There are 2 protein chains.
Amino acid sequence: MDSITIKDIARALDLSTSTVSRALRDSYEISPETKRLVLDYAKQFNYRPNQIARSLKENRSRIIGVIVPQIANNFFSEVINGIEAAAYLRGYYVFIFQSHESYERELVTLRQAIDRKADGLLISLSSSTSDVSLLQSLQEKKLPIVLFDRVSAELDVPCVTSDNFGGAFAATEHLIETGRRRIAHITIPSYISITQERLAGYRAALERYGLGYDENLVRYTDFGQTDVGPVINDLLTQAPDAFLAASDRLAISCLAALKKRNIAIPETVSLVGFTNTPVADLLDPALSAVEQPALEIGRMAAQQLIDLIEMKADTLRVGRISIPTRLVVRASSRLT
Amino acid sequence: MDSITIKDIARALDLSTSTVSRALRDSYEISPETKRLVLDYAKQFNYRPNQIARSLKENRSRIIGVIVPQIANNFFSEVINGIEAAAYLRGYYVFIFQSHESYERELVTLRQAIDRKADGLLISLSSSTSDVSLLQSLQEKKLPIVLFDRVSAELDVPCVTSDNFGGAFAATEHLIETGRRRIAHITIPSYISITQERLAGYRAALERYGLGYDENLVRYTDFGQTDVGPVINDLLTQAPDAFLAASDRLAISCLAALKKRNIAIPETVSLVGFTNTPVADLLDPALSAVEQPALEIGRMAAQQLIDLIEMKADTLRVGRISIPTRLVVRASSRLT
DNA sequence: TTGTATGCGTTATCAC
DNA sequence: GTGATAACGCATACAA
């Protein structure tokens, strides 16, 4: 796979490499004739600049490193689409890495991104990440970083997330307004940001409507956990009249558990999930959803990052950007 | 984001860059003391080799370019996981690109991969790709390429696919054996390889059992098409007693259409889809599936490609590797 | 308007 | 064992 280089063009046209280089970049100091000559030759022999050499020379790669826990997850793949779209518009390419929810993989992956000289990093933290000191040191070294979705308060970088609090609040409020009183919350690992924000929204809504917060109605699960059936069964012993599930997988598992027990939705128990699965509404027409603005999160995060990269304004402190979720009520859950 | 370089180490330790380079690569010609000195310093100041410089020098990037139509598709994201796993084991990294089912995007993306000096390419063709001449010329230039899933007969490169013929045959056979006679086939664009292979399997099974092939029972759809409802309705006018759907989306749409019309599955109509959606079985316990070995396809394809890259044996002609699918019958579709 | 020289970080080929 | 030097492909400061 050897391609033609500037040197080849220079030799063929009996010019110097610098002239060719300038002609190719359409520099004003090159005569029109020479430009034409070079450009024609380049096109004819399909010259393509070696981006590796360019990166080395210019000390920038025009690559954004994206680290997500999993690609095989509709939310993240949509976020990536958003990132890609925004990056494409501004001449950047996206290098995708997966941490597989493992802190070690996240580190390996982070180092790769740095070794490959990514111009900036877009990160959604793995669920097993508690130590962000490497990220902190990177940030101190002025590597542009933007966190999205799963963020960390210990890092002083721009963050783009769904309005998790608002989404959980709205969902809970909806359940309360339609007559529910014992709203269970089944959620993901307790130490990641989105869990806490959603829990806070859930709790705030309960308190707002004078319903006490009952920790017996809240259960945490692991991402790795394959079977959440037992946890749901355990919750069911608390006789809830509604579920707020913090992920696609949990919502769907709830659905399965309720069906298995012939518990009617929404007649007996209401179900709202934080779900972005495209077929969710087909699963059961009564599965309501807090839909996350995945594309928008990706777009915003990429824009933030590229702004950071290009301005190099380390003063630019945008802080947290929170994008509204959308509550899609698929069937009235009003108690009759 | 400036990291320490070999030069920095050399200066600090009053050595030459070549000595440092050799010490870092643990060359036998460097004295143990010097090695220790260099290695200690490197570790202390967290030296990391610049992969861009390395790539330029060695004319290889240890990067595999992967081009898929869409990431937000369970099949492809699983394939990517398989690729990543295999690549990781052999010291390669994966650069993921999406063609978004567009030929133009595929070209842009292809050029990016080349410009970034990917050591080899793993490609699943976009559905709008009919012209493979660029790929042909790349292949002639000895760029290692392996196709997977959506392949092309015009390209003389190794291919890794599901056994689409076998999968469709087995599914159709199952339907026939359980008493179905009018088996409709709703499928994806006609000109991509998997469509033709699946159609051939479907047809072969019909003929094997003495059922004629009726083209009125076959319908093609586009990937871009948002609403396939009309096509399904059209098929329903042919009074089929079974559906073989060629994708997740089509299977799910069939399901929705049947439910809407209160057509019982499998009592009235049987449904088998080429589906890998994790929640498919929850959608309807009667939705049977031809499951594709996504992980395995990814692994095999990556291994093939890395073999190609490393042996540089352009004689190595493995041809087509076809990995069995799995027919998962979720409810007996026997006619009573 | 064009050419010469230098450097990005690394490795390889020579010397010594 | 170690060091000087060149080279990968490109871009630019400086000459001419």
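Every chain is numbered from 1, with letters handed out A, B, ... down the list of sequences. The structure presented is a predicted model; accordingly, all values stated were derived computationally and were not measured.
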Item to check | Closest contact, heavy atoms only, B:P144 versus B:L308 | outcome: CB-CB, 4.1 Å

Checklist entry - Touch check for B:I52, heavy atoms < 4.0 angstrom, all strands: base, sugar-phosphate only, or nothing? => result nothing

Next on the checklist: Taking any heavy-atom pair under 4.0 Å as a contact, classify A:S55: base, sugar-phosphate, or nothing.
Outcome noted: nothing

Checklist entry - How many angstroms lie between CG in A:L107 and OG in A:S99, if you round to the nearest 0.5 Å? => result 10.0 Å

Next on the checklist: If a pair means Watson-Crick or G-U wobble with both distances below 3.5 Å, what does DNA chain D look like in dot-bracket form, with | marking bases paired to a different strand?
Outcome noted: ||||||||||||||||

Checklist entry - Between B:E101 and B:S128, is a side chain to side chain donor-acceptor pair (under 3.5 Å) present by the stated rule, with each step listed? => result CA-CA 6 Å; B:E101 303 285 8; B:S128 57; over 6 Å; no

Next on the checklist: Looking only at the side chains, is there a donor atom on one of B:Q303 and B:R299 sitting less than 3.5 Å from an acceptor on the other?
Outcome noted: no

Checklist entry - Does any non-hydrogen side-chain atom of B:N73 lie less than 4.5 Å from one of B:F76? => result yes

Checklist outcome for this item: Those residues at least two apart in sequence (or on a different chain) that pass salt bridge (Lys or Arg N to Asp or Glu O under 4.0 Å) with A:R90 are A:D307, A:E310

Next on the checklist: Using OP1 and OP2 only, check whether a side-chain N or O of A:T19 sits under 4.0 Å from C:dT2.
Outcome noted: no

Next on the checklist: Quick check against the 3.5 Å criterion: does A:D119 have a side-chain atom that pairs as donor or acceptor with the backbone of A:S61?
Outcome noted: yes

Checklist entry - Given B:L122, which of B:V68, B:I80, B:V146 fulfils the side chain to side chain contact (heavy atoms under 4.5 Å, CB included) condition? => result B:V146

Next on the checklist: Among residues at least two apart in sequence or on other chains, which ones pass side-chain contact (heavy atoms from CB on, under 4.5 Å) with A:D40?
Outcome noted: A:R36

Item to check | Protein proximity profile, nucleotides 7-14 of chain C - base contact B, sugar-phosphate-only contact S, no contact -, cut-off 4.0 Å on heavy atoms | outcome: BBBBBBBB

Checklist entry - Quick one: how far along DNA chain D does chain A reach, first to last nucleotide 5' to 3', anything under 4.0 Å to a heavy atom? => result D:dC8 to D:dC14

Item to check | Pairs touching residues 76-88 of chain B that satisfy side chain to side chain donor-acceptor pair (under 3.5 Å), sequence neighbours left out | outcome: A:Q98-B:N81, A:Q98-B:E84, A:H100-B:E84

